[in-house]
Amino acid sequence: MADTNYTRGEMNIEGHSDTYGGFMKFSKYGGAAIIVTLLFPILTFGAMLAWPTALLISVVIGIVIGVALKFKAQWYAVLIGSSVFLGVVIALLLMLF
């Protein structure tokens, strides 16, 4: 073996650990958001459910995912806020047409 100055366990890996933790958090929240976002149109157009029913099911499944993955309160706030916004927009569009 070649002579090296490397000694095992002395490298500072705090930056690596922070980056990995951020990536894992982004993957968890991003994956859950994609699931909930795609679930609504799948239930509405694929399963032919009424839009309020599909929205309610999507929110309930989003809450279940949040509890299962131990998400923070921001997840629930964004989930409920975006579903209320989507419900209002859809209701207004249905009134116009």
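- Checked against the 6.0 Å centroid criterion, the rings of Y76 and F71 do not qualify as a close aromatic pair.
- Note: K70 NZ to K28 NZ = 9.0 Å, rounded to the nearest 0.5 Å.
- Under a hydrophobic-cluster definition in which Ile, Leu, Val, Met, Phe, Trp and Tyr are linked whenever side-chain heavy atoms come within less than 4.5 Å, directly or via other members, V36 and L55 are assigned to different clusters.
- For the atom pair I42 CD1 and I57 CD1, the distance stands at 12.5 Å (nearest 0.5 Å).
- Cluster annotation: L43 is connected to I61 through the hydrophobic network of ILVMFWY side chains, with a link wherever side-chain heavy atoms come within less than 4.5 Å.
- Between the W75 side chain and the G62 main chain, a donor and an acceptor come within less than 3.5 Å of each other.
- Within 6.0 Å of CG on L92 lie more than 12 heavy atoms contributed by other residues, nucleotides or ligands.
- Hydrophobic clustering (side-chain heavy atoms under 4.5 Å, transitive across Ile, Leu, Val, Met, Phe, Trp, Tyr) keeps I80 apart from I90.
- Residues satisfying the side chain to side chain contact (heavy atoms under 4.5 Å, CB included) criterion with L93, sequence neighbours excluded, are V89, F97.
- Expressed to the nearest 0.5 Å, how far CG of L39 lies from CD1 of I34 amounts to 13.5 Å.
- Atom OG1 of T19 and atom CD1 of I13 lie 11.5 Å apart (nearest 0.5 Å).
- Tracing side-chain contacts under 4.5 Å through hydrophobic residues (I, L, V, M, F, W, Y), one reaches Y29 starting from L79; they form part of the same cluster.
- Both V67 and I65 belong to a common hydrophobic cluster when Ile, Leu, Val, Met, Phe, Trp and Tyr are linked at side-chain heavy-atom distances under 4.5 angstrom.
- Put simply, the side chain of T53 never gets that close to the backbone of L49: no donor and acceptor are under 3.5 Å apart.
- In this structure, CH2 in W51 is found 12.0 Å from CZ in F45, a value given to the nearest 0.5 Å.
- Atom-to-atom distance recorded for I63:CD1 and S58:OG is 11.0 Å, nearest 0.5 angstrom.
- Scanning both residues, H16 and N12, for their nearest heavy atoms gives CD2-O, 4.2 Å.
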